[in-house]
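For reference, the structure discussed in these notes is given below.
For clarity, every value in this text was computed on a predicted model and none was experimentally measured.
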Number of protein chains: 2
Amino acid sequence: MRIGELAALTSVPTKTIRYYEGIGVLPPAERGPNGYRTYDTDDVERLRFIKDAQATGLTLDEIATVLRLRGAGESTCEHVTHLLHHHLLHLDARIESLQATRARLVSMIERAEALDPADCTDPNRCQTIGSQPREDGATATHELHGGPVAHTHH
Amino acid sequence: MRIGELAALTSVPTKTIRYYEGIGVLPPAERGPNGYRTYDTDDVERLRFIKDAQATGLTLDEIATVLRLRGAGESTCEHVTHLLHHHLLHLDARIESLQATRARLVSMIERAEALDPADCTDPNRCQTIGSQPREDGATATHELHGGPVAHTHH
DNA sequence: CTACACCTTCCAGTGCACTGGAAGGTCAAG
DNA sequence: CTTGACCTTCCAGTGCACTGGAAGGTGTAG
């Protein structure tokens, strides 16, 4: 199959496929007599693997490393499982922190919904955002010396 | 407190704090007579909020939007809770997909560890990586026409 | 007085992962 | 034989979130 079909099957743009080949995430594709790249079902697999690996937070560089270990012989399996274990830890930490933030977000929403809308008219504060309730009495009620914000981001 | 102390308290570099102010994520800081930025505990809160919000996947732009809704009066609370709800969905989807990938990763590791290391010597395949076991018998055993990969990334 | 840490602005660069566009080759259908 | 889809290379730009460095002001300790 040619690059367009591979792109259609994987939802990865042709541009990106060529880019992946360029940076070594994909091996140089075989070429037809006309110079067109040709792919097979393995390449579909590979591309799907890349997408999955990316979803877990692996960078293209790490993915390239894993993918290149194919065909290197030697003790690469240990290498791979090591990387995989390492990444599992990362993944677990990420999931945990996301769940913690989820909890925070939910409690934020609950606080927001428990509010009397009338409390929402003070132009200088919003109970939903701002600091969590504090013991020291200072409840983040201070002016926002804002005005139109200069968004000069070159 | 000055910018250095704020940086120390939040583990956000001074560069980044000024950058946040530049793009409007933080309101323009008050200045001392010498022109130095001065901060208080609310700014510590704000910065921590930014970090947390970032961890959930909100972009700095979205965070800026949320933060700027402080002090806008009107029906901004609905606006905020809407954004929050929206983001909760995002967050849940993200956690779920991460957990799915975690499962995939674990099964990959298990497959890797169940392998006889002797099976790992074929230079053209690695059982850990590569396609999942398939029914059609074609088990992703094909050459990597690789060699040293040109890493010409401009 | 000098050294030094810490602050200021401004502009430019980095890293990652693409993405766009120009200029041109290939090939099947009308 | 032309049109149009699809392919090629190469180079340049984008978006996000920083990060570095130059050039210079401030403030305290020795």
How long is the line joining [atom1] of [X] and [atom2] of [N], in whole Å?
X	N	atom1	atom2	result
B:E21	C:dC7	CD	C1'	13 Å
B:I17	C:dC6	CD1	P	14 Å
B:I3	D:dT19	CD1	C1'	14 Å
A:M1	D:dC6	CE	P	16 Å
B:Y39	C:dC7	OH	P	10 Å
B:L6	C:dC7	CG	P	10 Å
A:Y19	C:dC16	OH	C1'	6 Å
B:L60	D:dT19	CG	P	12 Å

Taking the side chain as every heavy atom from C-beta outward, state whether B:R102 and A:R94 have any pair of such atoms under 4.5 Å apart.
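Side chain of B:R102 against side chain of A:R94, heavy atoms only: no contact under 4.5 Å found.
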Tell me which nucleotide among [options] gets nearest to the side chain of [X].
X	options	value
B:N34	D:dT19, C:dT8, D:dG27	D:dG27
A:R31	D:dT9, C:dT8, D:dA17	D:dT9
B:T16	C:dC18, D:dC18, D:dG20	D:dC18
B:R37	C:dT9, D:dC7, C:dC7	C:dT9

Base, sugar-phosphate alone, or nothing: which one does A:R18 contact when heavy atoms must sit under 4.0 Å apart?
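Base, at least one base heavy atom under 4.0 Å.
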Apply side chain to side chain contact (heavy atoms under 4.5 Å, CB included) to A:L47 and A:L9, showing your working.
CA-CA 10 Å; A:L47 226 32; A:L9 285 173; over 6 Å; no
Start with the C-alpha distance between B:M1 and B:V44, add both sets of side-chain angles, then the distance that settles side chain to side chain contact (heavy atoms under 4.5 Å, CB included), and finish with yes or no.
CA-CA 10 Å; B:M1 95 187 66; B:V44 180; 3.9 Å; yes
Distance-only donor-acceptor test, A:Y36 side-chain atoms vs C:dG25 base atoms, 3.5 Å
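Such a pair is found, so the answer is yes.
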Terminal helix-axis angle for the helix from C:dC1-D:dG30 to C:dG30-D:dC1, with five pairs defining each axis and rounding to 10 degrees
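Angle reported: 10°, given to the nearest ten degrees.
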When the ring planes of A:H90 and A:H86 are compared, do they come out parallel, tilted or perpendicular, using 30° and 60° as the limits?
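Tilted, since the angle between the ring planes falls between 30° and 60°.
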Please assess B:Y19 against B:L60 for the test side chain to side chain contact (heavy atoms under 4.5 Å, CB included), listing each intermediate value before the final yes or no.
CA-CA 11 Å; B:Y19 168 74; B:L60 284 180; 3.9 Å; yes
To the nearest 0.5 Å, what is the distance between CD1 on A:I17 and CG on A:L6?
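Going from CD1 on A:I17 over to CG on A:L6, the span is 4.0 Å.
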Greater than 12 external heavy atoms within 6.0 Å of B:Q99's CD
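Yes, CD of B:Q99 has more than 12 neighbouring heavy atoms, counting only those of other groups under 6.0 Å.
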Which comes earlier along DNA chain D counting from the 5' end, the contact point of B:K15 or that of A:G4, where each point is its nearest nucleotide?
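Of the two residues, A:G4 wins.
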Residue whose closest nucleotide on DNA chain D lies nearer the 5' end, B:R2 versus B:L58
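That would be B:L58.
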Can you give me the closest heavy-atom contact between B:E21 and B:P27, atom names plus distance?
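Of all heavy-atom pairs spanning B:E21 and B:P27, the closest is CG-O, 4.0 Å.
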Nearest-nucleotide 5' precedence on DNA chain C, A:P13 against A:P33
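The residue mapped nearer the 5' terminus is A:P13.
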Can you find a side chain N or O atom of B:Y20 that sits less than 4.0 Å from OP1 or OP2 on D:dA17?
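Negative; the distance criterion is not met.
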